[in-house]
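This report concerns only the one structure given below.
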Amino acid sequence: MMDLGLLIIRLVIGILFIGHGAQKLFGWFGGYGLKGTGGWFDSIGMKPGVTMALLAGLAELLGGILLAVGLLTPLAALMIAGTMLMAIIKVHAPNGLWSTSNGYEYNLTLMAVAIGLALIGPGKYAIDTMLF
């Protein structure tokens, strides 16, 4: 049952991050694409904005794919945790903890899940388990 639970966690978090990366990179799912996200990144001091949006989008998209399939799970977790740490530092920390005030509660939760998966492992239903 634990392996099934880990699979569910990896799939949900991984697919959500794939979507977030696609929002930044391609403007899919209501996102703003590189130009729009890059402009917003510039406005919050993350310069050059388009380059930073590209890096964040790639980290989310690739990290999400890797996490969902359970390949290079520690690297996937690092990519996801890193983007969430930057979101906390650059956007959410001044608003406090709670997401009802645009705080960092959700980002911190996602970081904990990603780091937890890296420490526990991806479970039996993962490419890592087949390869390593």
Side-chain angles (χ1 to χ4, degrees):
M1 293 303 276
M2 183 175 82
D3 291 310
L4 182 58
L6 290 169
L7 175 63
I8 291 168
I9 292 167
R10 283 193 355 260
L11 285 174
V12 169
I13 301 300
I15 290 169
L16 289 173
F17 270 91
I18 292 168
H20 278 284
Q23 288 176 321
K24 287 176 180 66
L25 295 172
F26 314 120
W28 297 354
F29 312 116
Y32 299 102
L34 279 177
K35 186 175 179 184
T37 304
W40 182 68
F41 276 21
D42 275 330
S43 77
I44 62 169
M46 294 180 68
K47 297 180 185 272
V50 172
T51 301
M52 298 305 286
L54 175 65
L55 293 173
L58 287 173
E60 290 177 349
L61 181 73
L62 296 175
I65 291 169
L66 292 173
L67 192 70
V69 300
L71 177 61
L72 305 173
T73 304
L75 175 62
L78 180 64
M79 295 167 86
I80 288 169
T83 59
M84 291 300 93
L85 180 61
M86 288 306 298
I88 289 170
I89 291 168
K90 296 301 288 181
V91 179
H92 299 285
N95 303 317
L97 175 64
W98 304 113
S99 59
T100 52
S101 300
N102 198 30
Y104 59 91
E105 172 187 11
Y106 184 62
N107 308 94
L108 183 62
T109 301
L110 291 170
M111 279 180 66
V113 170
I115 292 167
L117 282 169
L119 295 173
I120 293 169
K124 179 169 69 173
Y125 307 115
I127 294 175
D128 281 346
T129 304
M130 292 182 241
L131 295 178
F132 308 107

- Query: Which distance, rounded to the nearest 0.5 Å, do you find between the CD1 of Ile15 and the CD1 of Ile65?
  - Reply: 10.5 Å

- Between CG of Leu58 and OG1 of Thr83, what distance do you get to the nearest 0.5 Å? 11.5 Å

- Message: Could you report the tightest heavy-atom contact between Ile80 and Gly64, atom names first, then the distance?
- Response: CD1-N, 4.3 Å

- Do the side chains of Leu97 and Tyr104 get nearer than 4.5 Å, heavy atoms only? yes

All N/O donor-acceptor pairs, side-chain side in residues 105-125, below 3.5 Å, sequence neighbours left out:
unit_1: Glu105; atom_1: OE1; unit_2: Ser99; atom_2: N; d: 2.9
unit_1: Glu105; atom_1: OE1; unit_2: Ser99; atom_2: OG; d: 3.0
unit_1: Thr109; atom_1: OG1; unit_2: Glu105; atom_2: O; d: 2.9

- Working to the nearest 0.5 Å, report the span between CG of Leu62 and CG of Leu71. 11.0 Å

- Message: Counting C-beta onward and ignoring hydrogens, is there a side-chain heavy-atom pair between Met86 and Met52 closer than 4.5 Å?
- Response: no

- Message: Nearest 0.5 angstrom please: Leu61 CG to Leu66 CG, how far?
- Response: 9.5 Å

- Query: For Tyr32, does the OH atom sit with more than 12 other heavy atoms under 6.0 Å from it, leaving out its own atoms?
  - Reply: no

- Please report the closest heavy-atom contact between His92 and Gly103, naming both atoms and the distance. ND1-O, 3.4 Å

- Closest non-hydrogen atom pair between Leu11 and Ala68, with its separation: CD2-O, 3.6 Å

- Non-hydrogen atoms of Asp128 and Thr73 that approach each other most closely: OD2-OG1, 2.7 Å

- Message: Just so I know, are the side chains of Val91 and Trp40 near enough to count as touching, which here means a heavy-atom distance under 4.5 Å?
- Response: yes

- Query: Honestly curious: do Trp98 and Ile89 fall in one hydrophobic cluster under the side-chain, below-4.5 Å linking rule?
  - Reply: yes

- Minimum heavy-atom separation for Gly38 to Ala53, with atom names? N-CB, 3.8 Å

- Query: Do Leu75 and Leu85 belong together in a cluster built from hydrophobic side chains that touch within less than 4.5 Å?
  - Reply: no

- Item | Pairwise distance CG(Leu25) to OG1(Thr37) - rounded to 0.5 angstrom | 8.5 Å

- Would a hydrophobic clustering, with Ile, Leu, Val, Met, Phe, Trp and Tyr connected at side-chain separations under 4.5 Å, put Leu55 with Ile18? no

- Quick one: do Ile9 and Met2 end up in the same hydrophobic cluster if we chain Ile, Leu, Val, Met, Phe, Trp and Tyr together by side-chain heavy atoms under 4.5 Å apart? yes

- Message: With a 4.5 Å cut-off on side-chain heavy-atom distances among I, L, V, M, F, W and Y, is there a chain of contacts connecting Ile88 to Leu16?
- Response: yes

- How many angstroms lie between OG1 in Thr51 and CG in Leu34, if you round to the nearest 0.5 Å? 9.0 Å

- Locate the shortest heavy-atom distance separating Ser101 from Asn95; write the atom from each residue and the value. O-CB, 3.1 Å

- Task: Kindly indicate, with the supporting measurements, whether the criterion side-chain contact (heavy atoms from CB on, under 4.5 Å) is fulfilled by Leu4 and Ile8.
- Result: CA-CA 6 Å; Leu4 182 58; Ile8 291 168; 4.2 Å; yes

